[in-house]
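A short worksheet on the structure shown next.
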Amino acid sequence: MTEHEERVARRGRPSASSRETLEEAALELFLEQGYEQTSASDIARRAGVARSSFFNYFTAKADVLWVGLDPLLAEVPPRLEAAATELVARGAPKREEGLATLRKVLLEIADTVQPETVRWAGSLRSVAGTSADLAATGTKRALAQQAALMDFLARAEPGLGWLQRTVCAGSIISATIAATVFWIEEGPTRGSFSRVVDEASAPIFRAYSAE
């Protein structure tokens with residue numbers, strides 16, 4: 001009996017609503033037979049659930065790579081909205097105060113990301129196909145945050161015009177995507193995620209603060 005079969009035997013047939021079981025099955029298969037060779041059907045079969053159950057939680061197999069990070073991404077819009085409300089309540093935000101607050105909020109969220117947040121990072125970083133899909137699906141997720149960043153800048157940095165807000169928000173998003181992929185691929189030597197995000201985004205904040 002394989003290690004996986006022993007785990008299944010111990011816990012019985014996994015619940016069809018178990019996101020964690022599907023994640024575990026996917027990561028096992030990515031390692032065993034390769035990321036590109038693994039399908040959603042393979043993952044569902046390994047987890048002991050119907051194929052449709054997989055799509056109750058994930059739109060594609062690449063979404064499994066974001067299980068630990070998606071909840072943190074969901075924090076960004078409400079955190080920024082609250083920060084902007086607080087700044088405005090104190091009076092008209094001073095020049096660069098909004099940018100400093102934006103940087104602070106993003107780094108606070110990044111600081112909660114630990115190696116265990118992305119459980120597969122250490123073992124899958126060299127598996128063919130994961131980096132490309134990680135970047136592609138990361139772009140989709142990051143773009144979903146752009147409206148939140150632009151809304152924040154409109155309220156907290158009223159001196160920035162629409163074009164400046166758009167470019168600033170897009171640049172921060174691109175830097176964060178690059179930082180995420182770099183941090184994951186660096187493995188045990190990567191250091192803290194917030195440090196990498198800060199290193200990637202600092203030139204952007206400096207550029208807009210200097211205007």
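Since this is a predicted model, take the numbers as computed values, not measurements.
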What are the two closest non-hydrogen atoms of [X] and [Y], and how far apart are they?
X	Y	answer
A179	A200	CB-CB, 4.0 Å
P93	A156	CB-O, 3.3 Å
L153	A169	CD1-N, 4.4 Å
L73	Q145	O-NE2, 3.2 Å
F205	S209	O-OG, 2.8 Å
S194	A110	CA-CB, 3.8 Å

Begin from the C-alpha positions of V64 and F54 and carry the test side-chain contact (heavy atoms from CB on, under 4.5 Å) through to its verdict. CA-CA 10 Å; V64 176; F54 178 88; 4.1 Å; yes
So do [Y] and [X] actually touch side chain to side chain, heavy atoms under 4.5 Å?
X	Y	answer
V113	W183	yes
S201	T176	no
I172	L106	yes
S41	R45	yes
I43	F58	no
L87	F152	yes
F193	T180	yes

Would you check if the side chain of [X] reaches a backbone N or O of [Y] as a donor-acceptor pair within less than 3.5 Å?
X	Y	result
T112	I109	yes
E23	V67	no
K61	T38	yes
E86	A83	no
T166	W162	yes

Are more than 12 heavy atoms from other residues, nucleotides or ligands located less than 6.0 Å from atom CD of Q37? yes
About how many Å separate [atom2] of [Y] and [atom1] of [X], when rounded to the nearest 0.5 Å?
X	Y	atom1	atom2	answer
R51	D42	CZ	CG	10.0 Å
S171	Q164	OG	CD	11.5 Å
R79	L72	CZ	CG	10.0 Å

Could you go through the salt bridge (charged side-chain N to carboxylate O under 4.0 Å, His left out) check for E32 and R46 one step at a time? CA-CA 12 Å; E32 290 174 13; R46 169 64 65 90; 2.8 Å; yes
Path from F55 to L65 over hydrophobic side-chain contacts below 4.5 Å: yes
Should the pair E157-K94 be classified as a salt bridge under the 4.0 Å nitrogen-to-oxygen rule? no
Acceptor/donor pairs from residues 98-105 side chains to any protein atom, 3.5 angstrom cut, sequence neighbours excluded:
residue, atom, partner, partner atom, Å
T101, OG1, E97, O, 2.9
R103, NE, D198, OD1, 3.1
R103, NH2, D198, OD1, 2.6
K104, NZ, E108, OE2, 2.6

So, using side-chain hydrogen bond (donor to acceptor under 3.5 Å, both in side chains) as the criterion, who are the partners of D63 when residues are at least two apart? T59, R141
Out of the candidates L149, L160, D151, only one should pair with R165 under the side-chain contact (heavy atoms from CB on, under 4.5 Å) rule; please name it. L160
